[in-house]
2 protein chains.
Amino acid sequence: MTGRKRLTAQSVVDAASAIVDAEGTSALTLSRVARELGVKPPSLYNHVIGLDSLLRDVALMATEDFADRLGAAAMGRTGPAALRAVAAEFRAYAKAHPGLYELSAQARPHDEEYARASMRPVEPVIAILRGYDLDEKESIHAVRTLRAALHGFVSLESIGGFGLDVDVDESFAWLVASLVEALESDTTRG
Amino acid sequence: MTGRKRLTAQSVVDAASAIVDAEGTSALTLSRVARELGVKPPSLYNHVIGLDSLLRDVALMATEDFADRLGAAAMGRTGPAALRAVAAEFRAYAKAHPGLYELSAQARPHDEEYARASMRPVEPVIAILRGYDLDEKESIHAVRTLRAALHGFVSLESIGGFGLDVDVDESFAWLVASLVEALESDTTRG
DNA sequence: TGAATAAACTAATAACATTAGCTCAGGCTG
DNA sequence: CAGCCTGAGCTAATGTTATTAGTTTATTCA
């Protein structure tokens, strides 16, 4: 038999990501991953530490990917246009990768590296807000508000939390406009 | 042995709620509940259909309770004061019952009764917005925005998503003020 | 008092995570 | 070039969980 499977840590993470995205975090089992890869469950232990660790790896990769996309969306833009672009990309990512988005939004207590990685998606927002005339505290309030609103919206949307009667795109535009406006008026106020 | 345990469906749900709140949804197992109640796991099946169903029951009860509290907070208030009171209660509930809040925010596809129950916490917000001069569509956008922002904030807070440097209470006040302001200005604009 | 019922139990099955120890193929060393 | 070492698969086994089947027992009610 020449064609042994030749797994790698990467291929295991990739298979796990696909499962998470297609069927949600709770569908991720090592048995399932092994089946997907044509291998027996114990073989996976040559490449990953265990289920927990695999989940963490998937979450880490998703978070990096998400951050990269937000950064790319912000690039070359400032002010309201930048905010709108980042917001749109935020929502697009959550829509395209519901499982990975959900996973990346989960906390992992006692994991310093993960905590650091979780800050990366926020950086583009911080950068955009530098263009506004906010003092340091205000700026942090604004970042938290933006993040909360975007996260809340895409979470609710992805779990089907909105009724079907009114266009969700329009609601999202309304939300983003409200945030932009709040920022403007806060800046103006002083 | 006179002192048989005498479980009831309610006591099982209560024990489950306590576990969910103390240690999160993933800590809820029937074995765990049984141990807590001084009983063997199969005995629970006399009172609940299974783990899935128990989770649903806990979520349903949490959602009802949450809705009641939001309704009570709104009572006797209108306009910005009502919004602030509901927002405060929203956050207080999520803080006091992190596991139950998280569970109640999860979707359950193909569950009509649950979908209906999930609408109840939104009702106080809808009622408050009737005091604003919004057309029907605008009003739905506003409800979605408010809900998203509140849900996003408390979710992020409960998973420790905010750094520790700046006061989170202040950020929450900022968020609520922004929302109130956006509503006012939208109403004024027409 | 005796039968019916409810609610506990024990025993058993199946899915999963994880560990231990075995085997084989390919590359490296002498 | 031969033998060994290592990496990566495997089988077997253990422990935890959910769940079902079938049994027992206590309480209630006629």
Side-chain angles (χ1 to χ4, degrees), chain A residues 1-61 99 102-103 106 108-111 114, chain B residues 1-61 99 102-103 106 108-111 114:
Chain A
M1 239 185 275
T2 346
R4 283 297 257 267
K5 305 297 167 174
R6 301 273 97 204
L7 295 185
T8 64
Q10 190 59 51
S11 64
V12 176
V13 171
D14 289 346
S17 297
I19 293 168
V20 165
D21 239 0
E23 300 169 46
T25 304
S26 62
L28 184 66
T29 66
L30 289 182
S31 294
R32 181 67 199 286
V33 174
R35 213 176 308 136
E36 213 75 49
L37 291 169
V39 124
K40 304 289 172 174
S43 306
L44 298 176
Y45 286 84
N46 288 314
H47 306 283
V48 298
I49 296 170
L51 180 61
D52 279 353
S53 160
L54 177 58
L55 263 165
R56 178 188 184 272
D57 291 345
V58 172
L60 212 48
M61 164 162 297
E102 182 204 348
L103 193 56
Q106 271 172 222
R108 329 201 127 247
H110 318 302
D111 187 333
Y114 189 80
Chain B
M1 242 184 274
T2 342
R4 282 296 257 269
K5 306 297 167 173
R6 301 271 98 203
L7 293 186
T8 63
Q10 190 58 51
S11 64
V12 176
V13 171
D14 289 347
S17 296
I19 293 168
V20 165
D21 238 1
E23 301 169 43
T25 304
S26 62
L28 184 67
T29 67
L30 289 182
S31 294
R32 181 68 199 286
V33 173
R35 212 176 309 136
E36 213 77 48
L37 291 169
V39 124
K40 304 289 173 174
S43 307
L44 298 176
Y45 286 84
N46 287 314
H47 306 282
V48 298
I49 296 170
L51 179 61
D52 279 353
S53 160
L54 177 58
L55 263 164
R56 177 188 184 272
D57 291 346
V58 172
L60 212 49
M61 163 162 297
E102 182 205 349
L103 193 56
Q106 271 173 222
R108 331 202 124 246
H110 318 301
D111 187 332
Y114 189 81

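Throughout, a chain's letter reflects where its sequence line sits, starting with A, and its residues are numbered from 1.
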Whole-Å distance separating the [atom1] atom of [X] from the [atom2] atom of [N]:
X     : N      : atom1 : atom2 : value
A:L55 : C:dA17 : CG    : P     : 10 Å
A:L30 : D:dG15 : CG    : P     : 20 Å
A:Q10 : D:dA8  : CD    : P     : 15 Å
B:K40 : C:dA8  : NZ    : P     : 13 Å
A:L37 : D:dC10 : CG    : P     : 11 Å
A:R32 : C:dA14 : CZ    : P     : 21 Å
A:L44 : D:dT11 : CG    : P     : 13 Å

Looking at side-chain heavy atoms only, is the closest gap between B:V39 and B:L44 below 4.5 Å?
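Sidechains of B:L44 and B:V39: in contact.
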Side chain of [X] only, heavy atoms from C-beta on: which candidate in [options] is closest?
X     : options               : value
A:T29 : D:dT11, C:dA8, C:dA17 : C:dA17
A:S31 : D:dA18, C:dA17, D:dG9 : C:dA17
A:P42 : D:dC10, D:dA18, C:dA7 : D:dC10
B:L7  : D:dG9, C:dA8, C:dC9   : C:dA8

How far does CG of B:L30 sit from NZ of B:K40, to the nearest 0.5 angstrom?
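Between B:L30 CG and B:K40 NZ, I get 15.0 Å after rounding to 0.5 Å.
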Which value, rounded to the nearest 0.5 Å, describes the distance between B:E36 atom CD and B:D14 atom CG?
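So the gap between those two atoms works out to 12.5 Å.
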So does A:H47 get a side-chain nitrogen or oxygen closer than 4.0 Å to the phosphate oxygens (OP1/OP2) of D:dG9?
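The answer is yes; a side-chain N or O of A:H47 sits under 4.0 Å from OP1 or OP2.
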Quickly, which of A:L54, A:L7, A:L55, A:V33 forms a side-chain contact (heavy atoms from CB on, under 4.5 Å) with A:V48? Name it, please.
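Going through A:L54, A:L7, A:L55, A:V33 one by one, the side-chain contact (heavy atoms from CB on, under 4.5 Å) with A:V48 is satisfied by A:L54 alone.
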Base of D:dG7, side chain of A:N46 - is there a donor-acceptor contact under 3.5 Å?
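A donor-acceptor contact between them is absent.
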Base, sugar-phosphate alone, or nothing: which one does A:R35 contact when heavy atoms must sit under 4.0 Å apart?
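Touches sugar-phosphate only.
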Just checking A:S43: base, sugar-phosphate only, or nothing, at a heavy-atom cut-off of under 4.0 Å?
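Base contact - A:S43 has a heavy atom under 4.0 Å of at least one base atom.
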